[in-house]
Amino acid sequence: MFSGCGNVSKKSKDRIKNTGDIKIWVQFSDETPEGKAWQTIVDNFNKEYQGKYKVITEYIPRSGSGGGYEDKVNAAITTNSLPDVLTLDGPNTAAYANADVIEPLDEYLDDANMDDVLDSIVQQGTYNEKFYAFGFSESSVGIYYNKQLFKKAGIKEDELPTLDKPWTWNEFKEVCQKLVDEYELPAINIQLASKDEMLTYAYTPFIWSNGGEVVNQSGTEALGYFNDPKSAEALQFIQDLVKKGYTTNTPIEKGFETGKYPMLLSGSWTIADLNENYKELEYGILPYPVSNKTKKLVSPTGSWQVAMSSKTKEKEASATFIKYVTNTESSKIMSLGNSVLPIRKSTIELIKNDVSEEMRFLMEQNQKSGHARPVVVAYPQVSRAFQQSIQDASYYKENPDVQKIVDVHAEEMQQVIDRMLK
Ligand SMILES: OC[C@H]1O[C@H](O[C@H]2O[C@H](CO)[C@@H](O)[C@H](O)[C@H]2O)[C@H](O)[C@@H](O)[C@@H]1O
């Protein structure tokens with residue numbers, strides 16, 4: 001009898017808590033273009049579902065080193081205090097799903113028109129054949145260049161690379177030399193100083209372009225892949241850029257934006273920043289430089305996603321919001337507001353005439369050469385080892401032997417992968 005009473009009272013407690021209000025954590029600030037676009041979507045949702053569901057967002061920006069948000073999520077996992085819905089980066093899906101932090105969404109998606117969603121978004125959110133996390137934007141990275149600095153250094157518009165004829169690594173180095181000779185400053189900020197996921201995200205395409213890999217297809221082997229000479233050659237390319245003074249791991253703050261550096265390696269969201277805060281800058285975007293040997297263009301994809309905490313009591317409300325933030329209209333608001341790539345074919349159709357030439361270029365590059373980061377349960381640790389190997393390579397005086405660097409870090413990756421697979 002006692003136990004019966006206990007159950008009834010627990011159930012009714014759950015019902016009382018089941019109010020339709022949901023809390024969501026996001027990894028950006030409400031003052032950024034992304035935060036503003038997000039709040040518009042949330043306001044629209046709250047209006048449409050007034051009286052039924054209500055979303056409250058907590059904005060927890062990632063710090064410069066990529067921590068902040070992730071640290072808070074990790075702490076909440078241990079104290080069982082995650083919100084109903086949380087954001088997570090695309091390549092972390094396997095780690096979160098494997099640890100049962102997030103809930104599969106498949107049973108809620110019958111009316112979500114999933115055929116309209118880009119394959120890259122479905123793939124990054126899928127683990128063990130279940131769909132766990134829904135990307136709310138897609139991404140791409142390119143080489144931003146300052147039109148005036150290029151012109152003054154004698155680099156003509158018709159010499160610039162295209163998606164069909166990108167610069168090889170050697171051609172890219174020749175251009176860097178020309179710019180360094182002219183301006184006596186590094187030619188490009190490749191964001192080495194970010195020391196976070198940006199390094200894995202932006203530099204793995206160099207490895208793939210050269211025919212290398214970080215891990216094998218099934219994500220079980222790093223040894224023999226990350227330390228294959230083809231992968232090492234890509235790190236050598238990056239080390240050479242630092243060694244020759246073409247780039248630096250201690251760049252001037254906002255050096256490209258303020259017209260000092262001729263080039264910047266960055267994602268599509270930089271378009272929003274430049275258009276808003278550096279209106280004077282005349283810039284364009286160029287494709288990734290390609291391996292001298294293969295000449296294969298590869299660019300990064302992947303983006304932040306929304307997922308339902310496996311502990312939420314508000315499953316219907318959470319799923320309804322996740323579908324809302326990823327529908328055609330919300331994807332349009334996010335893409336135009338934060339200059340990020342759409343996640344749906346219908347959104348691409350809807351906005352293709354409204355986006356800038358630079359954005360259209362990145363959308364095309366994405367279709368032609370986009371490559372997702374590997375699906376590995378130990379992704380966070382593998383990525384950290386990758387980032388460390390880049391850091392090591394960039395300190396070329398201390399670590400001149402790139403093969404040695406990849407040998408050490410491939411071993412480190414293998415150890416964490418093996419531990420996870422046990
Ligand atoms: O503004 C869109 C997003 O831009 C960043 O994320 C992108 O770069 C990350 C590497 O730094 C990469 O891991 C992620 O998959 C890309 O979408 C930023 O870190 C995000 O907070 C932001 O939503």
Side-chain angles (χ1 to χ4, degrees), residues 24-39 41 57-73 85-96 118 120-121 123-125 133-142 144 189-205 214 264-277 299-307 325-326 330-331 333-343 358-359 362-363 365-366 370-376 379-380 382-384 386-387 390:
I24 169 155
W25 286 359
V26 299
Q27 84 288 0
F28 41 81
S29 131
D30 56 348
E31 283 161 12
T32 56
E34 186 167 25
K36 287 177 189 158
W38 177 270
Q39 196 54 53
I41 296 167
T57 308
E58 201 174 321
Y59 295 90
I60 308 157
R62 305 174 81 203
S63 69
S65 62
Y69 179 77
E70 274 106 340
D71 294 345
K72 177 144 181 176
V73 169
V85 176
L86 64 150
T87 60
L88 67 146
D89 202 357
N92 290 334
T93 306
Y96 281 55
L118 299 185
S120 57
I121 294 295
Q123 277 161 21
Q124 73 167 359
F134 211 143
F136 53 91
S137 60
E138 184 45 292
S139 71
S140 193
V141 170
Y144 288 70
N189 177 1
I190 60 168
Q191 305 216 32
L192 268 173
S194 75
K195 298 191 182 112
D196 60 15
E197 180 61 22
M198 183 69 190
L199 302 184
T200 318
Y201 172 59
Y203 303 165
T204 38
V214 180
L264 169 72
L265 183 76
S266 194
S268 64
W269 53 89
T270 296
I271 297 176
D273 183 35
L274 295 178
N275 294 354
E276 173 90 15
N277 302 312
S299 60
T301 66
S303 71
W304 281 73
Q305 321 168 101
V306 271
V325 78
T326 52
S330 299
S331 172
I333 294 171
M334 184 50 79
S335 296
L336 295 180
N338 190 31
S339 66
V340 283
L341 278 53
I343 57 153
E358 289 74 32
M359 189 64 179
L362 288 177
M363 281 157 73
Q365 177 179 255
N366 198 51
H371 194 312
R373 282 158 281 179
V375 176
V376 197
Y379 183 84
V382 167
S383 179
R384 267 197 296 279
F386 182 93
Q387 293 160 35
I390 296 291

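Each ligand, and each atom within it, is numbered from 1 in the order the structure gives.
Protein residues having at least one heavy atom under 4.0 Å from any atom of ligand 1 are Gln27, Glu34, Arg62, Asp89, Glu197, Met198, Tyr201, Trp269, Gly302, Ser303, Trp304, Asn338, Val340, Arg373, listed by chain and number.
Counting heavy atoms from C-beta outward, Thr204 and Phe386 have side chains that approach closer than 4.5 Å. With contacts defined as side-chain heavy-atom distances shorter than 4.5 Å, the pair Ile24/Trp38 qualifies.
Across Leu86, Leu88, Thr87, a single residue satisfies side chain to side chain contact (heavy atoms under 4.5 Å, CB included) together with Val306, and that is Thr87. Just one of Asn277, Thr270, Asn275 meets the side-chain hydrogen bond (donor to acceptor under 3.5 Å, both in side chains) condition when paired with Asp273; it is Asn277.
Every residue two or more places apart in sequence or in another chain was checked for a salt bridge (charged side-chain N to carboxylate O under 4.0 Å, His left out) with Arg384, and none qualifies.
Using a distance-only test at 3.5 Å, with no hydrogens or angles considered, no donor-acceptor pair links the side chain of Gln365 to the main chain of Ser140.
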